[in-house]
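Following: one structure in C-alpha cells, then a few remarks.
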There are 2 protein chains.
Amino acid sequence: MSKRTKIKALLTGEQTGMEVTVMGWVRAFRQNRFIALNDGSTNNNIQIVVDFENTDPALLKRITVGAAISVSGILSESLGQGQKVEIPASVIEVLGDCDPEKYPLQLKNRPSLEYLREIAHLRFRTNTFGSVFRLRNALSFAVHRFFQERGFVYLHTPVITASDAEGAGETFRVTTLDPAKPPLTESGEIDFKQDFFGKATNLTVSGQLEGELGAMALSDIYTFGPTFRAENSNTTRHLAEFWMIEPEMAFCDLAENMDTAEALLKYVISYALEHNREDIEFLSQRLLEEEKSKPQQERSEMNLVEKLQFCLDNDFERLTYTEAIEILRNSPHNKKKKFQYLVEGWGTDLQSEHERYLVEKHFKKPVILTDYPKEIKAFYMRQNDDGKTVRAMDILFPGIGEIVGGSQREERLDKLEQRMDEMGIPKDELWWYLDTRRFGACQHAGFGLGFERLVLFVTGMGNIRDVIPFPRAPKTAEF
Amino acid sequence: MSKRTKIKALLTGEQTGMEVTVMGWVRAFRQNRFIALNDGSTNNNIQIVVDFENTDPALLKRITVGAAISVSGILSESLGQGQKVEIPASVIEVLGDCDPEKYPLQLKNRPSLEYLREIAHLRFRTNTFGSVFRLRNALSFAVHRFFQERGFVYLHTPVITASDAEGAGETFRVTTLDPAKPPLTESGEIDFKQDFFGKATNLTVSGQLEGELGAMALSDIYTFGPTFRAENSNTTRHLAEFWMIEPEMAFCDLAENMDTAEALLKYVISYALEHNREDIEFLSQRLLEEEKSKPQQERSEMNLVEKLQFCLDNDFERLTYTEAIEILRNSPHNKKKKFQYLVEGWGTDLQSEHERYLVEKHFKKPVILTDYPKEIKAFYMRQNDDGKTVRAMDILFPGIGEIVGGSQREERLDKLEQRMDEMGIPKDELWWYLDTRRFGACQHAGFGLGFERLVLFVTGMGNIRDVIPFPRAPKTAEF
C-alpha cells in the first residue's frame, strides 16, 4: 500500500508538482470528470480530475457517493473556481464500493439532523458532523493543555462507586447479580454482599468528592471523564451519559475559582477559533441557513464566529444571586408576566428562562452568579457568615444556560457535619471525605464544566444529542 | 489570601531574594527548626527555617506532620546540604491542623503499599504515590499530544452499551429496574423493555467497534476512556475498571499499525523521562530498595531509568506467533520442563510465563507477535490467506506481558459474516458495524493499549491497584 498524504496537508501546503496518493470517500462525482474526495482530515474536499475518455467505464461506474477510493497523480494548480489545487488522476483504485441504491446517506437532499441521529454510525461522513467532532476533539485537547500548562494533575476518578456523591440525582445501578434470581438475605432483601463489589454500586454522578482527595495532596487536579444521570427527561439539553471536567484547587477561594473557570472557557474557545476556524465558519454558515426559516426576531444578533469572539473580548459579568433576583423581579419581563415562573422573592431556584433573560437580554454577555441560598445548593459548599447563603458560583452562557457550576468547599469539619446532618447525608459512608477536613484541611474550591454544553456553544448546534458520538438517553442506547 | 507560589517553581527557579508565600502540607519538622513542606507540585520539599526562639510555642506545637500551613519569607540560598534554596519564615499560619495521635499516615516508619491501599484517600500525600500520579498525568497528556500531532480525532465512544463488543468477557449490567420487584413479561422473564434504555445494557468492554465507525469517515481516531470487565480475578494485573487507549486508522495495514503502536509507546515514555525525570528517579530508587530483600537472581538487571531508556533505544522485535512457538518449544526452559504449561505445539494461546520468557530471557527487549491462530482471536480480525491465522499483533513488555493488542480488521463483508456465523456473534445486533463493510469499506487497523499497564511499566510499581487512584476489583469499591 503506497503511502498516502492527508487531504488537509495537500490543501494547506504551498507546494505543487509532486506525485501524491490520496485516499478517502467520494462526496460527489460530477460530469464523469470531477470527484470531490474527503478523508475527514478537513471539511474541505480535494478535487480529483478524471480523464474519463481514457478510463474504463466499469471503473467510472463504481465511483459513487460514499465509495472509498485511492487516487495517485501530480498535485497541480487548479484553474477552476473554489480550489487552489487539484489532482489529475493517473491511477484510480476503488477500495470499497458503495451501492447508491442502498446507501442511506445520499447527500443530494440535505438529510435532517433527526434522520442522521438514526444513522449515527454514518453521520460522521457529513460536513456538519465532521466539523462537530473535529471541534469536540479540539476542545478536549485544549482543556488538557490549559490544565497542563498550569501544573494541574489529571486524575481518573472512579466511574463505578458505592457512594451517591450529592445525595442528588437518580443513578444507574451496576451489578452482576442474576436479575431473575437475585440472592436474598434472611430477611428477604436483595443480598448485595453477594454482588460483584460486595455492596450496592452505581455509576458516578460526579468525580468531585474523590477529586478533593487528590487536591488535598497534589494542590491542583482535574478530572475529565464520563458521568451519568438516570433522569427520565427527554430534552435537547440532557443526556444520561455525558462528559464532565472537574478541577479542584487547594488554597483557592471563590474569586480564584471564578478566574480559573473564566480563563478556561476563554482558552478553549480561543484554541478552537485558532485551530478549527474553517469548521466553525462552516457551522456558522449552517446556522445562518437554519435560521432563515425563523422569524426575524428569533434570529441571532451575532453569527457563530462573532458570538465566540464576543465571549473572548468581554469580562464575564459577576453578581450575587441576591442582586440577580432584584434585577429579575424589577424587570419589564417579570412585570408584564412574560416569565412562565414569575420571580416573586428571594430563595427560589432560577429557571432556565430567568438565566437566559439575565444573559441574553439584560447583560448580553456571560454571567457568573454567586452566593446562592444554601437550601438550593449541595451540602459541601462553604457557608457564608450571613447564615443564609453559600459560596457557590454558576456560569451562565447565552443560548445554553448553566455551563459551569462550582463553589468554594466547606473545609470546616463542624460546619460540614452540621450541614450533612441537616440534609440527611450519611456521614459514615463519607468517612474518607470527612478525613480531609480532619487532617490538614485548607480552603479549596472547584467547579464542574459540562463538556457537551461547551461543545453545543462552540458548534452552535441546538440539540445535545448532536454533539456526542452516540447519545444515551431514555430508551436510546443504539450503537 | 495572598498569592502563593508553587514549590516546584521556587525549586527550579534561578532567582532568590524576593518575598514569597508558599502553602502546603508539613512532611517533617525537625529540631523545632526545619519544616519540610510539600504542595504536590513536585516530590521535593522546600525547607522552611523557623526562628523558634521568637515563635509562639503554641504555634510551634501545631506544626505537625500532615498539617496545612502557609509560610511567607524571603527566598534565600540554603547553606545546608540537600537543597539550594530555603525560606526563613517571617510569617507562619496554620491553615488546618493534623492531630498526630489520630493521623493514619505517620511517615516515620514507611507504611506498606497494602496499608496505603486501605487509606487510598490519603496516599496521594506520600512520595511514592505523588510520583505515581504525576507520572500517570504526564503519560495521559503525552498520549493526547502524540495523537493530536498526527491529526487523530479523539472520540468519546459510549460507556453504556447494548452490545457486548467481542462476545468476550463478562460484563456489568446497567439498570434502573427495581432489583427486588423487576417487571416481568407475560412469559415470566425480566422485561428489559421497561428498563431505562428500553433494553438490557452493560458497561463497555471496548470502544473499538464504535471507533471503527469514526475512522470510516475521519480517517484516524482514538479513544481514551474507561472500560470494564466483570472478571472475578484478584490479581496484580487485573482491574474491573481500567482505562484504555484505542486508536483506529483507515487505509492502514498491520505493519503501519505496529509502527504506530511502537512510536506511541516510545513517545510517551520519552515524554515522561523528559518532564518527570525526578519522579522516575525517585521510583527507581524505591524499586532498588524493594529489591534488596530479594535474592540476587530475582533482581532486575537494569534499574528503572535504564529499563525505560533501553526501550527507547531499541527496535521492538517483530516475529510471527508461529516463529515464537518454535522458539519456545525448542527453548532450554521448555525442555527442562520449567514452564508450568509446556509448549507442545501450534495453536494454543500463550501463557504469561511464555510471553515473559520471550521478552525477558530470549530477546531481552519488547516483542511484537503477529499472525495468531484465528481460533484464539476475535471475530473482527483480518483473515490471512493461509486459512489458519489472522492479522493480529500483540506487544509484550518486560515485567508486564501484553501491553498492546491489535489487528488489521476484516474489511471484507463476506469473510466477516462467515466468521461471525462460525463464532456465534449475532449479526442483527451489529447491523451498524456491518454497514461500514457495505458502504465504502477500506483496509483499516487499530489496537488497544491498557493504560494502567503502561503506568505500571513506567513507574516500576508491582500491583495495578497502585497506579489507579481508586481501584475497582472484586469486593473492592471503596471511596
Side-chain angles (χ1 to χ4, degrees), chain A residues 1 4 23 25 39-41 66-68 95-96 98 103 121 124-125 133-134 137 140-141 144 148 151 153-156 158-160 162 172-176 179-180 182 190 196-198 201 210 213-214 217-219 226 230 241 243 251 253 432 435 439-442 469-470 472 475 477 479, chain B residues 1 4 23 25 39-41 66-68 95-96 98 103 121 124-125 133-134 137 140-141 144 148 151 153-156 158-160 162 172-176 179-180 182 190 196-198 201 210 213-214 217-219 226 230 241 243 251 253 432 435 439-442 469-470 472 475 477 479:
Chain A
M1 178 165 261
R4 70 168 172 137
M23 300 182 191
W25 294 270
D39 67 2
S41 62
L95 305 172
C98 189
Y103 191 43
H121 62 308
F124 302 106
R125 303 180 182 197
F133 290 111
R134 276 189 300 272
N137 167 70
S140 298
F141 187 61
H144 284 294
Q148 295 294 322
V153 173
Y154 180 33
L155 203 70
H156 288 119
V159 174
I160 298 171
F172 291 102
R173 201 154 45 79
V174 173
T175 181
T176 55
I190 305 287
F196 188 89
F197 294 107
T201 48
E210 289 91 351
L213 308 177
L218 302 166
S219 277
E241 173 180 325
W243 286 66
F251 314 113
D253 61 17
W432 43 271
D435 263 6
F439 307 117
C442 70
F470 303 101
R472 298 302 186 233
K475 308 293 173 205
F479 312 106
Chain B
M1 176 165 258
R4 72 173 172 131
M23 300 182 191
W25 293 269
D39 68 1
S41 61
L95 304 173
C98 188
Y103 191 44
H121 62 309
F124 302 107
R125 302 180 182 197
F133 290 111
R134 275 189 300 272
N137 167 70
S140 298
F141 187 61
H144 284 294
Q148 295 293 323
V153 174
Y154 179 33
L155 203 69
H156 289 120
V159 173
I160 299 171
F172 292 103
R173 201 154 44 79
V174 173
T175 181
T176 56
I190 305 287
F196 188 90
F197 294 106
T201 50
E210 288 91 352
L213 307 179
L218 301 165
S219 276
E241 173 180 325
W243 287 66
F251 314 112
D253 62 16
W432 42 271
D435 262 5
F439 307 116
C442 69
F470 303 101
R472 299 299 184 238
K475 308 291 172 208
F479 313 106

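Just so it is clear: chains get the letters A, B, ... in the order the sequence lines come, proteins before strands, and each one is counted from 1.
Within the 3.5 Å criterion, the main-chain N or O of A/F141 finds no donor-acceptor partner in the side chain of B/Q148. The backbone N or O of B/A217 sits nowhere less than 3.5 Å from a side-chain atom of A/W25 that would complete a donor-acceptor pair. At least one donor-acceptor pair under 3.5 Å links the side chain of A/E241 to the backbone N or O of B/V159. Looking only at distances, no side-chain donor or acceptor of B/T175 sits under 3.5 Å from a matching main-chain atom of A/R173. Not a single donor-acceptor pair under 3.5 Å links the side chain of B/W243 to the backbone N or O of A/H156.
The nearest pair of heavy atoms linking A/C442 to B/A68 is CB-CB, 4.2 Å.
Heavy-atom pairs under 4.5 Å with chain B were tallied for A/G151, A/G96, A/G440; the largest tally goes to A/G440. Contacts with chain B were tallied for A/V174, A/I160, A/V153, A/D435; A/I160 has the most, counting heavy-atom pairs under 4.5 Å. Looking only at heavy-atom pairs under 4.5 Å with chain B, the residue among A/S140, A/P179, A/S41 that has the most is A/P179. When each of A/T201, A/D39, A/L155 is scored by its heavy-atom pairs under 4.5 Å with chain B, the top score falls to A/D39. Taking A/G198, A/G214, A/P158 one by one and counting their heavy-atom pairs under 4.5 Å with chain B, the maximum is reached by A/P158.
Distance CZ/A/F479 to CH2/B/W432: 8.5 Å, rounded to 0.5 Å.
The shortest side-chain heavy-atom distance between B/L218 and A/R134 falls under the 4.5 Å cut-off. Between A/P226 and B/P226, the closest side-chain pair of non-hydrogen atoms falls below 4.5 Å. Taking the side chain as every heavy atom from C-beta outward, A/R472 and B/F197 approach each other to under 4.5 Å. Here the side chains of B/E210 and A/P469 are not in contact, with every heavy-atom distance at 4.5 Å or above.
For a residue to count as touching a neighbouring chain, one of its non-hydrogen atoms must lie under 4.5 Å from one of that chain's; by this rule A/A477 touches chain B with backbone and side chain alike. Interface residue A/S219: backbone and side-chain heavy atoms are both found under 4.5 Å from chain B.
Ring geometry, A/F196 versus B/F172: the interplanar angle exceeds 60°, so the pair is classed perpendicular (tilted spans 30 to 60°).
In this structure, B/F133 has its ring center no closer than 6.0 Å to that of A/Y154.
For A/P182, the side chain to side chain contact (heavy atoms under 4.5 Å, CB included) partners are A/I190, not counting sequence neighbours.
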